[in-house]
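Okay, so here's the structure we're looking at.
Bear in mind that the values here come from a model prediction, so they are computed numbers and not experimental data. Naming convention: chains lettered A, B, ... in sequence-line order (proteins, then strands); numbering from 1 in each chain.
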Amino acid sequence: MCGRYADFRTLQDLADAFVITPENIDAEARGLPASWNSAPTQRVRMVAERADDQGEIRRLLATARWGLVPSWAKDPAVGSRMINARSETAATKPSFASALARRRCLLPADAYYEWQRTPGSAARTPRVPFAIRRAGGEVFAFAGLYEVWGPEDLVTVTILTAAASGELAAVHDRRPLVLPPSAWDRWLDPAGGAQEVADLLAMPAPPCEIYEVGSQVNSPRENSAGLLDPA
DNA sequence: CCAGACGTTGTT
DNA sequence: GTCTGG
DNA sequence: CCAGACGTTGTT
DNA sequence: GTCTGG
């Protein structure tokens with residue numbers, strides 16, 4: 001799955017990677033500090049497309065709270081349990097279906113963390129964190145969904161997940177769904193059809209480096225570049 | 001029909 | 001809002 | 001995801 | 001043990 005990640009790329013690099021012009025970067029996104037340990041309920045950077053007042057589609061860099069709050073929720077606290085959505089089932093889940101149809105987004109990341117539980121070990125055995133990154137340092141674009149909630153238009157997001165395979169499966173059986181640049185336009189287009197969206201959900205994982213890191217990353221309060229140092 | 005849930009992960 | 005369970 | 005709290009009343 | 005918060 002994906003419950004913790006790093007997003008520390010400079011604003012300029014990120015805007016270049018996602019082809020976002022300066023007027024389409026909102027103030028929150030400009031001010032959001034780099035993070036080596038983004039956790040659920042925190043603000044994260046988000047790329048989305050929507051029509052402006054003239055009906056022009058704009059690609060925006062904004063922020064959202066991680067943990068999707070469905071539009072019908074009475075209490076936004078439910079969002080803390082909606083940090084991931086299964087790509088296999090999101091289309092039929094009341095919590096995610098409308099967002100999958102109309103409110104898709106991308107969440108940039110430089111690395112993510114997975115915790116390995118050793119098979120057959122005692123329940124209290126600490127799990128071991130691993131970092132996953134692109135070998136060439138390319139940015140990850142996690143496939144996400146967003147929702148706008150309540151009188152204050154709280155924007156929240158969830159990260160789609162898929163089955164892990166290969167080397168990654170030895171660490172954990174789920175992974176975030178990562179989309180390559182060639183898929184970004186189609187994913188973000190609010191008018192994209194269900195079949196096209198379904199095809200994108202089947203995107204294979206890109207090749208990655210996977211290595212153990214120190215247990216400091218366990219605490220959501222830790223946040224420094226050293227969290228990505230090999231253990 | 002109305003009431004109540006609406007999620008993922010992992011563990012047993 | 002929409003689906004499932006009673 | 002992991003860490004940390006987990007409760008009420010009343011008093012200062 | 002289970003829920004909430006980050």
(message) Holding to salt bridge (Lys or Arg N to Asp or Glu O under 4.0 Å), I want the full list of residues that pass it with D16(A), two or more places apart in sequence or in another chain.
(response) none
(message) Going by side-chain hydrogen bond (donor to acceptor under 3.5 Å, both in side chains), name the residues that satisfy it together with S35(A), two or more places apart in sequence or in a different chain.
(response) S38(A)
(message) Once side-chain hydrogen bond (donor to acceptor under 3.5 Å, both in side chains) is applied, do any residues pair with Q195(A), and if so which ones, sequence neighbours excluded?
(response) D199(A)
(message) Show me the pairs that pass side-chain hydrogen bond (donor to acceptor under 3.5 Å, both in side chains) and involve residues 150-164 of chain A, at least two apart or across chains.
(response) T161(A)-R174(A)
Students often get this wrong, so: under 4.0 angstrom with heavy atoms, is [X] touching a base, only sugar-phosphate, or nothing?
X      : value
R81(A) : base
S98(A) : nothing
I83(A) : base
Y5(A)  : nothing
S87(A) : nothing

(message) Please check this pair: side chain of R104(A) against backbone of A101(A), looking for a donor-acceptor N/O pair closer than 3.5 Å.
(response) yes
Not counting sequence neighbours, which residues clear ring pair (Phe, Tyr, Trp, His ring centres under 6.0 Å) with [X]? List them please.
X       : answer
F8(A)   : W36(A)
W115(A) : none
F96(A)  : none

[atom1] atoms of [N] and [M], separation to the nearest Å:
N      : M      : atom1 : value
dC2(B) : dG6(E) : C1'   : 38 Å
dG7(B) : dT4(C) : C1'   : 15 Å
dT8(B) : dG5(C) : P     : 16 Å

(request) For N84(A) and dC2(D), give me the distance from atom CG to atom C1', rounded to whole Å. (result) 14 Å
(message) In this structure, how many angstroms lie between the P atom of dT9(B) and the CZ atom of R127(A), rounded?
(response) 12 Å
(message) What does the B/S/- profile of nucleotides 1-6 of chain C look like, 5' to 3', with a 4.0 Å heavy-atom cutoff to protein?
(response) B-----
Polar-atom pairs under 3.5 Å, protein N or O versus N or O of nucleotides 3-8 of chain D: list them with distances, or write none.
none

(request) Using a strict 4.0 Å threshold on nitrogen-to-oxygen distance, state whether R59(A) and E49(A) make a salt bridge. (result) yes
(message) Which Ile, Leu, Val, Met, Phe, Trp or Tyr residues join W72(A) in one cluster when any pair of side-chain heavy atoms under 4.5 Å counts as a link?
(response) none
(request) For V213(A), enumerate each residue passing the side-chain contact (heavy atoms from CB on, under 4.5 Å) test, keeping only those at least two apart in sequence or located in another chain. (result) Y113(A), P129(A), A131(A), Y211(A), V217(A)
(message) Counting only heavy atoms and a strict 4.0 angstrom limit, can you tell me which residues of residues 35-46 of chain A come near DNA chain E?
(response) A39(A), P40(A), T41(A), Q42(A)
